[in-house]
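On a predicted model such as this, the values are computed, not experimentally measured, just so you know.
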Amino acid sequence: MAYLDTAGLEWCRGLLLGHEFLTLMCLECHVATRPQLLPDPQLDPISALVFSITQDLPPEIPSPQHLKVAGVDLVTRTGLTDLAVLHVDSEADLLEEAIRLVTTWDPDMLVGYEVQRGSWGYLLERGLALGVEVVARLSRVPEGARASHHLEEEDEYGTEHTSQIHLAGRVVLNAWRLMRSEAALQSYTLQSVAFQILHTRIPAFSHTQLTAWWLADTTRGRTLGHLLLRCRLTLDLLHRLDLVPRTAELARLFGIQFYDVLSRGTQFRVESMMLRLARGRNMVAISPSVQQRAAMKAPEWIPLTLEPLSRFYTEPVVVLDFQSLYPSVMIAYNYCYSTCLGRIHLLHNPPPQPYSFGTAHLRLPPDPKQLLEMVDEMNVSPCGVAFLPSRVRRGVLPVMLEEILNTRLMVKASLKRCGERDASLRRVLHSRQLGLKLIANVTYGYTSANFSGRMPCSEIGDSVVSKGREILERSIQLVNSHPTWAAQVVYGDTDSLFVHLPGRSRSQAFVTGQEIAAAVTKMYPKPIKLKFEKVYLPCLLQTKKRYVGYMYETPDQQEPVFDAKGIETVRRDGCPAVAKVLERSLHLLFDRKDVSLVRQYVQRQLLKVMQGRVSLQDLTFAKEYRGARGYRPGACVPALQLARQWTRRDPRKEPRAGERVPYVIVYGAPGLPLIQLVRCPSTVLADASLRLNATYYITHAILPPLHRCLALLGVNVNAWYTELPRPSTLTASTSTLPGSSSGPSIARYFTPVACVGCGADTTAAPAGRGAAGGQGLCGGCKGSPQETVLRLGERFRTYERAVDHIRQVSCSLEMVCEACVGCRLQEVECISLDCPLTHRRTMAGRDLQAAHHLHSLLDDF
DNA sequence: TACGCGGCCTAA
DNA sequence: TCAGTTAGGCCGCGTA
């Protein structure tokens with residue numbers, strides 16, 4: 001440690017104090033766009049750059065803060081008083097100033113929410129277009145130009161996983177891509193991520209809007225304010241997710257560089273640890289060629305997944321699983337590259353040596369019979385591969401895994417010890433133990449990688465899987481045959497057991513569950529351990545990898561937790577309405593155990609959909625776009641179709657690979673394939689002739705998942721739909737429907753006097769047909785239904801656009817101008833399906849009511 | 001109408 | 001110039 005100078009000591013001290021000594025700089029560009037087009041660096045100049053900088057320094061370390069003020073005017077003309085603004089004369093000066101700022105602050109990480117087409121990427125491309133050297137001057141080393149580059153090539157992988165921008169000495173973070181691996185969301189726009197993670201709503205302004213504001217002196221500040229908000233939120237997101245410290249911790253743990261944690265795969269991490277250990281034993285890893293890898297014997301074993309006894313269980317089901325089964329197996333049976341003797345039958349009848357093993361060859365001692373002398377001691381896996389006993393040689397992988405698992409236990413212990421005192425230390429320890437768990441679990445994956453694996457070995461992979469299978473099978477047998485448990489294994493997948501305990505109470509289930517865990521653990525060598533996980537009461541086993549139940553993790557837990565695996569409540573390929581209806585239905589079923597309540601609930605929701613009273617958002621699907629070359633030639637999927645449409649209009653509008661593309665389904669001529677009915681949500685808002693396809697949503701999206709659950713109880717969900725009144729008789733019979741007396745129809749509270757079609761007085765006319773609607777029209781309008789439908793449809797669309805607009809603006813109002821004149825906030829029920837929240841909206845309430853009323857009138861025709 | 005296939009997403 | 005694995009369910013479409 002002779003080279004540890006004072007700066008190094010300072011750094012260590014900083015770590016102890018919870019400081020990372022890092023500077024992050026987030027950038028957004030404002031580019032004045034041509035109408036309806038997105039910025040193009042070849043043509044559109046940057047009009048403004050907005051930065052936000054954070055530093056993680058202890059207070060006694062001086063920061064270059066004072067430098068910011070030098071040469072910068074504090075400008076109030078924009079209306080933003082807390083913003084330091086610097087005017088420059090030309091775009092070239094702007095770039096120079098940006099470079100100066102970067103070199104002054106010397107940030108370690110350059111951040112942008114989207115750094116390929118916006119932010120730093122736009123800056124670099126603009127520099128290229130103007131002939132200003134930017135890339136090299138942003139790097140940290142004099143010869144930076146060589147090590148830094150801004151990729152323009154068509155590399156699907158690079159585009160999808162990295163920022164594509166490399167600057168020597170600095171890390172470039174593409175925030176939205178990081179978010180993609182942080183949380184499973186419907187959409188990864190800054191607006192939705194900020195809402196989901198920071199619970200902050202921000203408006204989405206189009207480039208056209210931002211440009212319009214920028215061009216007028218009085219509104220220019222809005223554009224800057226919005227971009228600054230984006231910068232700050234991006235940094236807030238990283239902070240909230242603890243992303244930089246967590247990544248740094250993983251880098252230390254695996255002994256790899258910070259950026260490699262984000263950009264490289266798990267293989268790299270395993271190798272980094274494994275090679276370190278192997279070197280101490282004077283071993284190196286083989287480097288098989290592509291041909292050798294291709295010639296490797298294919299894996300033959302697959303994990304055991306039982307076909308579940310699928311039904312609704314109203315008595316306890318205990319779930320147990322083996323703790324880190326595969327790593328435990330490798331430790332317990334000494335499975336490793338360095339201990340493998342190949343197939344046992346080859347030891348008995350030695351073929352000409354060396355013989356094929358993994359991607360390479362194995363050379364045994366001249367007389368393999370010697371080895372056979374200790375055949376009783378050997379670990380022979382169920383697939384017939386022999387491994388040395390640890391007495392003879394302890395494998396590298398087992399040693400590594402053992403160290404990892406032990407370290408993890410230590411870390412978890414100190415996590416417990418440190419209590420609530422030190423939040424930052426807790427976070428570090430927590431991410432360390434998570435990282436350890438992760439690396440333990442992918443070590444198996446490393447041995448059985450075949451497509452891209454660097455050192456795959458199907459013999460080891462197969463041994464682990466076959467041993468895992470054997471362990472699970474023997475455990476099942478034990479549980480099923482135990483005399484006093486009276487238990488039945490009803491499902492199991494790879495390393496888990498679902499045990500049905502009929503006639504037992506919840507607390508009895510906990511006791512028996514612990515007994516099972518202990519008894520099974522006793523059957524196997526250390527560290528193989530079956531762990532009691534949870535009791536389900538009740539639960540629904542649908543199919544392999546799909547189940548749901550109320551979960552209790554401790555005997556004294558009073559309120560159960562809804563726990564679903566694989567079903568639509570946890571999937572992102574349906575629309576939110578599907579997940580909400582399904583989850584609420586299951587809650588009702590589990591809580592009240594009364595199918596008729598579920599039926600009432602579901603029918604109310606179906607009516608909402610038919611009446612168009614479900615928000616557009618709840619009916620919006622979103623699927624990942626794979627990039628233009630990511631599909632088969634004939635592929636015909638919504639995401640690709642919409643992406644093509646957008647790209648035709650504006651090449652810069654093509655979604656990034658990995659981005660989620662939203663779409664809805666509208667009505668169309670009968671017989672049309674579904675793909676023809678796909679529309680972008682904003683198109684539907686803008687086009688009065690388009691209506692959401694209620695029939696599709698009900699029969700193809702909402703009901704099938706529900707049916708798969710409730711069919712297990714012998715309920716025919718589809719009948720619930722067919723017995724509902726058709727739209728033509730909807731309003732007349734609404735009041736006879738179960739539960740509708742307390743139904744949420746806003747129209748019932750809305751009694752217009754003037755005809756909503758033409759404005760004539762309707763009070764003189766005879767009363768309408770039902771309580772809910774119909775009386776809003778005069779006789780003349782009722783007489784010409786087509787015309788009225790058309791007129792109302794258009795009005796409806798206008799209201800919906802207004803509501804949408806207000807929704808956007810009201811968000812910004814709440815933040816930007818609390819003092820907005822005459823802005824009377826009104827409590828309105830959220831229109832989302834059963835959302836318990838009420839949202840503050842300005843004016844939106846009235847427009848919403850009008851829109852809903854019109855829509856229910858439309859259903860009359 | 002059954003079946004295979006591509007696409008998408010999740011469990012482990 | 002790098003990319004852990006397989007199983008499995010379900011949707012929509014085209015074809016025999």
When you check the gap from the basic side-chain N to the acidic O, do A/Lys467 and A/Glu470 get nearer than 4.0 Å? yes
When rounded to whole Å, the CD1 to C1' distance for the pair A/Ile675 and C/dG14 reads 14 Å
Atom pair distance, as rounded to whole Å: CD1 in A/Ile460 and P in C/dT5: 16 Å
Can you measure A/Asp495 atom CG to C/dT5 atom C1' for me and round it to whole angstrom units? 14 Å
Hey, what's the ring geometry for A/Phe562 with A/Phe590, parallel, tilted or perpendicular (30° and 60° as the breaks)? tilted
Span of DNA chain B in contact with chain A (heavy atoms, under 4.0 Å): B/dG6 to B/dA12
Which whole-number value in Å describes the distance from A/Leu306 CG to C/dG9 C1'? 17 Å
Check whether any side-chain heavy atom of A/Met273 sits under 4.5 Å from a side-chain heavy atom of A/Thr443, and report yes or no. no
Answer yes or no: is there an ion pair linking A/Glu568 with A/Arg571, defined by an N-O contact shorter than 4.0 Å? no
Near DNA chain C, counting only heavy atoms under 4.0 Å, which residues of residues 321-337 of chain A show up? none
Test side-chain contact (heavy atoms from CB on, under 4.5 Å) applied to A/Thr521 and A/Leu530, A/Ile528, A/Ile516, the passing residue: A/Leu530
Below 4.0 angstrom, N of the basic side chain to O of the carboxylate: do A/Arg180 and A/Glu624 qualify? yes
Members of residues 532-553 of chain A that approach DNA chain C, where some heavy atom sits under 4.0 Å away: A/Thr543, A/Lys544, A/Lys545, A/Arg546
So, does A/Asn174 use its side chain to make a donor-acceptor pair with the main chain of A/Val115 at under 3.5 Å? yes
